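Take a look at the structure below.
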Amino acid sequence: MINDIKTVFSIKDLENLSGIKAHTIRIWEKRYKVLEPMRTDTNIRMYNLSSLQKLLNITLLHEYGYKISKIATFSEEKIQESVREIISKKNSQNYAINSFKMAMMNFDQEIFFNTFDLLIAEKSFKEVFKENFLPLLKELGLLWQSQTISPANEHFMSHLIRQKILIYTEGIQILKPTKTHKVFVLSLPLNEIHQIGLLYLQYEILLQGYKTIYLGESMPIENLEDITRHFSTITFVTFMTVQPDRTNVNQYVKTMEQKLLLKNNEIWLMGKMTEHIDRKNLSQRTFIFDSIEETINKI
DNA sequence: AGGGCTGTCGCCTCTTCTAG
DNA sequence: CTAGAAGAGGCGACAGCCCT
């Protein structure tokens with residue numbers, strides 16, 4: 001399993017992680033010697049973790065208007081200094097995401113925590129999630145698809161994010177709900193394990209002063225039905241990222257409506273699979289949201 | 001206006017890797 | 001073993017600059 005940890009990167013990996021085209025990376029190397037990768041005995045470039053770090057730093061400077069030729073004259077220390085300068089100028093988003101990526105590739109919790117502390121000193125958790133974690137998670141999906149990162153990388157990262165959400169959730173969970181006319185029940189369908197969005201939504205709902213019941217993953221509809229006997233008005237919130245699949249999703253939603261939409265209950269749906277839902281035949285009290293922000297606005 | 005830089009892209013050829 | 005994908009690197013095109 002230790003072999004799962006990637007220590008050598010191809011030029012394609014660097015392209016995926018930095019967003020700089022492989023072609024351009026080669027030209028930068030040729031013209032400016034910004035990176036000098038090792039080669040296999042068949043001449044293929046191999047980069048190590050510090051090359052990746054350097055490229056991510058260079059990318060950041062480049063995005064902020066530095067010329068490559070100028071960056072090329074910088075020493076390693078000068079590059080890091082300039083990067084720090086940019087972060088301190090409030091524009092921390094890209095830097096933070098790059099740091100999180102480094103933490104992920106390196107399985108380094110300390111980088112994660114340090115970067116997070118830096119962000120949280122400047123803004124609210126809400127802002128950190130929206131401006132840093134969400135874009136990062138979105139990118140992780142793409143990096144996973146392109147096999148630049150392994151499931152180990154992705155799990156490592158999402159676990160750390162989940163942990164942070166839980167810490168902040170716990171902080172407000174002990175407060176008594178201020179709005180008691182309805183409760184939110186959060187769950188995921190069978191085999192749906194993408195919890196982060198749902199966890200964060202719980203945090204937002206709690207912030208608004210509502211009571212939440214978090215049921216988590218693999219929750220069959222029948223079990224949700226049990227809950228309806230305990231509370232008068234319930235909003236059921238569910239993420240459908242990969243399950244139920246496109247052939248079953250419409251039937252699944254129909255069953256949810258039949259069993260759960262008593263009285264003034266509502267169903268809120270999110271996630272990729274909602275694209276395949278036939279929106280014409282939905283109940284008035286079933287809502288589909290295309291983004292977390294949209295959902296938060298509705299709370 | 002003209003002419004270097006600069007960054008990016010497309011196209012081409014040759015080599016290497018890999019899935020079947 | 002072979003066909004096709006992917007990488008290396010050369011050359012040229014071009015847009016957007018900065019300078020004189």
Side-chain angles (χ1 to χ4, degrees), chain A residues 1-108 115 131-132 134-157 242 245-247 272:
Chain A
M1 254 312 152
I2 205 83
N3 293 333
D4 235 12
I5 299 177
K6 208 175 229 185
T7 52
V8 176
F9 303 91
S10 68
I11 194 163
K12 202 73 192 163
D13 290 336
L14 262 68
E15 171 177 325
N16 289 334
L17 284 159
S18 70
I20 305 290
K21 288 261 178 290
H23 200 76
T24 304
I25 296 173
R26 289 195 201 98
I27 293 289
W28 286 0
E29 284 174 8
K30 188 189 163 208
R31 287 187 188 165
Y32 315 105
K33 305 252 181 305
V34 287
L35 292 175
E36 289 179 88
M38 311 250 83
R39 304 285 183 136
T40 65
D41 39 11
T42 56
N43 207 29
I44 305 290
R45 279 165 236 257
M46 295 161 45
Y47 301 85
N48 57 22
L49 210 55
S50 63
S51 301
L52 170 62
Q53 173 144 46
K54 188 174 179 190
L55 182 63
L56 289 174
N57 281 337
I58 290 172
T59 305
L60 182 78
L61 295 183
H62 191 241
E63 276 165 15
Y64 282 91
Y66 286 77
K67 303 247 172 219
I68 290 299
S69 50
K70 179 111 174 279
I71 300 171
T73 66
F74 290 2
S75 67
E76 207 79 15
E77 295 74 35
K78 182 86 200 303
I79 288 178
Q80 282 165 28
E81 191 192 314
S82 310
V83 167
R84 274 194 291 273
E85 215 173 286
I86 286 177
I87 329 159
S88 65
K89 280 185 191 151
K90 187 106 177 97
N91 288 318
S92 53
Q93 186 180 352
N94 292 340
Y95 167 76
I97 290 176
N98 283 347
S99 290
F100 286 143
K101 281 186 199 162
M102 277 313 291
M104 175 178 68
M105 298 320 292
N106 222 359
F107 293 94
D108 188 330
T115 310
E131 292 164 21
N132 303 102
L134 268 189
L136 178 68
L137 287 166
K138 203 172 158 192
E139 268 198 69
L140 290 201
L142 298 174
L143 289 171
W144 190 81
Q145 269 176 38
S146 62
Q147 306 207 346
T148 306
I149 60 173
S150 71
N153 294 120
E154 199 193 11
H155 283 211
F156 174 77
M157 196 66 222
V242 289
D245 63 41
R246 69 188 67 195
T247 56
K272 187 118 183 56

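In what follows, every chain begins at residue 1, and chains take the letters A, B, ... in the order their sequences are listed. Just so it is clear, the model here is predicted, and its values are computed rather than measured.
The minimum heavy-atom distance linking A:Glu131 with A:Ile97 is given by the pair O-CD1, 4.4 Å.
At the phosphate of B:dT6, neither OP1 nor OP2 sits under 4.0 Å from any side-chain N or O atom of A:Trp28.
Contacts of A:Ile27 with the nucleic acid, taken as non-hydrogen atoms under 4.0 Å apart, include base atoms.
For A:Glu29 and B:dG7, the CD to C1' distance is 15 Å, given to the nearest whole Å. In this structure, the CD1 atom of A:Ile11 is 17 Å from the P atom of B:dT16, given to the nearest Å. With rounding to whole Å, A:His23 atom NE2 is found 11 Å from C:dG10 atom P. Distance CD1 (A:Ile58) to P (B:dG7): 12 Å, rounded to an integer number of Å. As rounded to whole Å, 13 Å separates atom C1' of B:dT8 from atom CD1 of A:Ile25.
Side-chain proximity of A:Arg26 to C:dG10, B:dT8, C:dG7: nearest is C:dG7.
Interatomic distance, A:Ser99 OG to A:Asp108 CG, rounded to the nearest 0.5 Å: 10.5 Å. A distance of 10.5 Å separates CG in A:Leu55 from CD in A:Glu15, rounded to the nearest 0.5 Å. If you take CD1 on A:Ile79 and CD1 on A:Ile58, they are separated by 4.5 Å, rounding to the nearest 0.5 Å.
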